[in-house]
Amino acid sequence: MSDQVKYLLSEKDMPTHWYNLAADFPTPMAPPLHPGTGKPITGADLAAIFPPALIEQEVSTKREIDIPGPVLDIYRLWRPSPLMRARRLEKALQTPAKIYFKYEGVSPTGSHKPNTAVPQAYYNKSAGIHKLSTETGAGQWGSSLAFAGSLFGIEVVVFMVRVSFNQKPYRRAMMEAFGASVHASPSKETDSGRAILANSPDSPGSLGIAISEAVEVAAKDPRTNYALGSVLNHVLLHQSIIGLEAMKQMEHAGDEPDILIGCTGGGSNFAGLVFPYLGRQLRGGRKVHVIAVEPTACPSLTRGKFAYDFGDTAHLTPLVKMHTLGSTFVPPGFHAGGLRYHGMAPMVSHAAHLGLIDAVNRQQISCFEAGLLFGKAEGILPAPEATHAVRVAIDEAIKCREEGVGKTILFNLSGHGHFDMQAYMDFHDGKLQDRTYDEKELAMALAGLPSVGA
Ligand SMILES: *Cc1c(COP(=O)(O)O)cnc(C)c1O
């Protein structure tokens, strides 16, 4: 074989549909429930905050869904994204394993998030919506929706988790550069934000709180809709372009992955890479070992309960069955802000429940060590979130060395860390601490799970 490292797909080979794992699940997912009645929700319930096309995708069990032409045109600004073989990392680890990664950091905002921001803005524009409200953790999602909104002429308002608002001023600047307005959450702009501030004026915020604020703004204004950057079925659907491209690129490389790895906050970049492979496996194809990696400080898949819970802190969203730490749980403020969510995508949770995927958690210091090792070998500094996937890819490659087996590993490098250099500086200065959640707070949050559909 050659010593090729980059597997580029030509624009004409870019997938023209998304893939929906709901078509291949052996048993269907539990339905979302109305927060008031506890009965399954209807499309009409969602119409106050989502456009019809996205509601249709949310409940669809169709296997392939066409990507609209105007969305494909914008995807071509950075897609197909490269798939690379990390040969220098392999050498540094002296592993017989082959390590490949799909690199989503080439997008306009440096992560996988525009893959769904663009179609969400497109479908909302088509439905006559003027304004989108949303939340953001580290700022990756907010800047992606701000970018997409600017392309389609939609106003964007972002509630940014306060701890990240303070840590990542350049993310906020990027959102504003694309024309969005940004509030630190909890904010005084909404009832939900004011209620939190009344009890804890120094709240670091959480995605659950920021979602409540954004949903509240959308629900109160008929011309404003809400957009979510992860968790929902339609978001995971849009991200499937990652895995569909990767499958073609691995074919060009003449390899097939034995192990697939992604980091999980709400589960969207992980699902984007692995769901097309899981679908193939469920249809009788090659079996893959799939590993989701989450932070030890916010371990929904590894320590949470698989139960109905709210997606937000103020309980404005439908109840969905997912792995959850409880909607009132506020994770400690560690650097991978995009992984600080109390729940997991219902589709990822269902896949875990069916035994289709494994989940592990890792502490942030060991993740930054892995990120730096990768960066020195390959020249890309991963986003703090993505270092979790890098950590476990390296762990698996070391295991291969110890066992003397040469497996093929493919992980998703969900984004670069160029806006997260404060985190790398803290690491260098020895200021980074491994954070663990408060057991008592977790027990309390879990005790407060709603008792519906249990
Ligand atoms: C948002 C984000 C994540 C976490 O979100 P998922 O929905 O779990 O993918 C991971 N990596 C990066 C770079 C992000 O921006």
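Whatever order the structure lists them in is the order used to number ligands and atoms, beginning at 1.
Within 4.0 Å of ligand 1, protein heavy atoms belong to S111, H112, K113, Q140, S230, C263, T264, G265, G266, G267, S268, N269, G338, L339, A383, E385, S414, G415, listed by chain and number.
Looking at D395 and R391, a side-chain N of the basic residue comes within less than 4.0 Å of a carboxylate O on the acidic one, giving a salt bridge.
A donor-acceptor pair shorter than 3.5 Å can be found between the side chains of Y226 and E135.
Annotation: side-chain contact (heavy atoms from CB on, under 4.5 Å) contacts of M84 (sequence neighbours excluded): K6, P82, F101. Taking H112 as the reference, nothing meets the ring pair (Phe, Tyr, Trp, His ring centres under 6.0 Å) condition, with sequence neighbours excluded. Residues meeting the side-chain contact (heavy atoms from CB on, under 4.5 Å) test with L151, sequence neighbours left out: I74, F147.
Relative to the six-membered ring of F411, K102 misses at least one condition, a distance below 6.0 Å or an angle of at most 45° to the axis.
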